[in-house]
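Note on naming: letters A, B, ... go to the chains in the order of the sequence lines (proteins, then strands), and numbering restarts at 1 for each one.
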Amino acid sequence: MPNTDLPSEQAADFRRVLARWYKQHARPLPWRETRDPYRIWVSEVMLQQTRVNAVLEHYARFLRKFPTIVSLALAPEADVLAVWSGLGYYRRARMLHKAAQFITAELDGVLPSTSAELRKLPGIGEYTSAAIASIAFGESIAVVDGNVERVLLRLTGRPEQATSESKRFVADQAAAVVPQRRSGTNAPGDHNQAMMELGATICLPRGPLCLQCPVYDFCRTRGEHKTEAREKMRSRRVAYLLHQRKRGSAIEVMLHRRPTDASLMPGMYELPELPMDGVEEYTPTLRVRHSITNTNYYVEVFTADKTLLRALPLSIREYEWCRLGQLADLPLTGLARKVLRRLHLIASPGVRMPQPETMMRQ
DNA sequence: GACGCGTGGAC
DNA sequence: TGTCCAAGCGT
């Protein structure tokens, strides 16, 4: 392997140019308006493998409901999952909750302030410990996420490789350009965020915007760096049942709670699934697309009748009736949440709910 | 080291 | 319609 390192004498220039660019172009994101370590922590966990837009929809609501580590620790896990509903990777929410309980019980409710200590908490790995330590506490430690890796490989011209040697190389490069701690500013935290911001807004996976790049002069590849093609998407049709009943003045909808030992979304609520061959003759009440990793689900929702109820794969006792008024407090799967919102059975943000009497859907 | 774990928006 | 994702972690 040729020596692809950024010349070390250029590191200071690189830092300066990047810092100036970041000061001018940083997006105004809510977790950049605070130094509260808890809020930084929540944002970093939410941002794991998740787009900024999706996080924005959940971040404020999560912090309104759980404004402190202690309030999070004291909450039932189902409440935490309910607020997390739609963000995906629900294990993150469970681990965040567990970590908050540990911090409350063992650490006097205070989040550790070093990457080494943070690294020991559930859900906080190599990246997240460095991100919190640098952004919230000013520790001089480099973060390496997908953005930083892509940026550094392109800058140095080293090809993409999923080897430990390549990982080592990227980590070394990142460490070589991260600034020292200095009083009065947060140079390490700002630098780390700048590296990620560059990857997220300029050095895009496909079609990087090299003409706008502040560190074009430092780059060995300038748009010629290849990114691997990915696996093809699959498509699948699935059907779900919408079944409602009245109990007094309340309306209830029938849901299925996934087994608590399921590997996928354990303990979360979804609409009852119907076998596709049971719905051939029916017209769906609702169609939505739902994509999970490698699969586009083309989802159809059917309003219940006797025949459809007989087609259910489980005994009727295995389902649960849930009041419409409490749906928003349940740990719903993202799909269930999307469907129930689309049908106006739970409030979308900013939408006033109609009165219960008018809510029964056909 | 490879794999499983979710999502909705942009195009 | 189908494609491509995004600031990882734990096992």
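At the heavy-atom level, A:Trp31 lies under 4.0 Å from base atoms of the strands shown. No engagement by A:Arg236 is indicated, since no non-hydrogen atom pair under 4.0 Å with the nucleic acid exists. When heavy atoms are screened at a 4.0 angstrom cut-off, A:Tyr298 is found touching base atoms of the nucleic acid. When heavy atoms are screened at a 4.0 angstrom cut-off, A:Ser263 is found touching the sugar-phosphate backbone but no base atom. Base contact: A:Leu87 has a heavy atom under 4.0 Å from a base atom. Nucleic acid contact for A:Arg237: none, since no nucleic acid atom lies under 4.0 Å from a heavy atom of the residue. Residue contacts for A:Leu29: at a heavy-atom cut-off of 4.0 Å it reaches a base atom on one of the strands shown. Residue contacts for A:Ile292: at a heavy-atom cut-off of 4.0 Å it reaches a base atom on one of the strands shown. Residue A:Glu126 is in sugar-phosphate contact alone, with no base atom involved, counting any heavy-atom pair closer than 4.0 Å across all strands shown. Residue A:Met265 is classed as a sugar-phosphate contact, given heavy-atom separations below 4.0 Å to backbone atoms only.
Relative to the six-membered ring of A:Tyr216, A:Arg222 meets both conditions, a distance below 6.0 Å and an angle of at most 45° to the axis.
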Audit row: A:Arg181, A:Glu139, salt bridge (charged side-chain N to carboxylate O under 4.0 Å, His left out) steps and yes/no = CA-CA 6 Å; A:Arg181 184 199 285 271; A:Glu139 182 175 324; 5.4 Å; no

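Each of A:Pro122 and A:Met233 has a nearest nucleotide on DNA chain C; the 5'-most of these lies closest to A:Met233. Residue-to-nucleotide proximity on DNA chain C shows that, of A:Met95 and A:Lys232, the 5′-proximal contact is made by A:Lys232. If you find the closest nucleotide of DNA chain B to A:Ser164 and to A:Thr295, the one lying nearer the 5' end belongs to A:Ser164.
Remark: the A:Arg92 side chain and the B:dC5 base include no donor-acceptor N/O pair separated by less than 3.5 Å. A donor-acceptor contact under 3.5 Å links the side chain of A:Arg289 to the base of B:dG9. Within 3.5 Å, no donor on the side chain of A:Thr333 pairs with an acceptor on the base of B:dG6, nor the reverse. At a cut-off of 3.5 angstrom, counting only N and O atoms as typed in the model, there is no donor on one side facing an acceptor on the other between the side-chain of A:Ser235 and the base of C:dG2.
Regarding contacts with the backbone of C:dC5, every side-chain N or O of A:Ser291 stays at 4.0 angstrom or more from both OP1 and OP2. Taking 4.0 angstrom as the limit, A:His290 places a side-chain polar atom (N or O) nearer than this to OP1 or OP2 of B:dG8. Taking 4.0 angstrom as the limit, A:Tyr297 places none of its side-chain polar atoms (N or O) nearer than this to OP1 or OP2 of B:dG6. Side-chain nitrogen and oxygen atoms of A:Lys338 include at least one within less than 4.0 Å of the OP1 or OP2 phosphate oxygen of B:dG8. Remark: A:Gln49 is in phosphate contact with C:dG8, judged by side-chain N or O atoms under 4.0 Å from OP1 or OP2. OP1 or OP2 of C:dC5 sits under 4.0 Å from a side-chain N or O of A:Arg206.
Distance, A:Met46 CE to B:dC5 P: 22 Å, rounded to whole Å. Going from atom CH2 of A:Trp84 over to atom C1' of B:dC5 covers 13 Å, rounded to whole Å. The separation between A:Arg342 atom CZ and B:dG9 atom C1' is 12 Å, rounded to whole Å. Separating the CG atom of A:Asn296 from the P atom of B:dT7 is a distance of 13 Å, rounded to the nearest angstrom. A:Arg119 places its CZ atom 10 Å from the C1' atom of C:dG8, with the value rounded to the nearest Å. Across the protein-nucleic acid pair, A:Lys167 atom NZ and B:dG1 atom P stand 9 Å apart, rounded to whole Å. In this structure, A:Tyr269 places its OH atom 17 Å from P of B:dG6, rounding to the nearest Å.
The side chain of A:Asp145 sits closest to C:dG8 out of B:dG6, C:dG8, C:dA6. Taking only side-chain atoms of A:Thr50, from C-beta outward, the nucleotide of C:dC5, C:dG10, B:dG6 with the closest atom is B:dG6.
Looking only at distances, a side-chain donor or acceptor of A:Gln101 sits under 3.5 Å from a matching main-chain atom of A:Ala73. Formation of a donor-acceptor pair under 3.5 Å by the A:Glu197 side chain with backbone atoms of A:Arg27 is found in this model.
Heavy atoms from other residues, nucleotides or ligands lying under 6.0 Å from CG of A:Leu314 number more than 12. Enclosure of atom CG in A:Asp108 is not indicated, since only 12 or fewer non-hydrogen atoms of other residues, nucleotides or ligands lie within 6.0 angstrom. Residue A:Arg61 qualifies as enclosed at atom CZ: its count of foreign heavy atoms under 6.0 Å is above 12.
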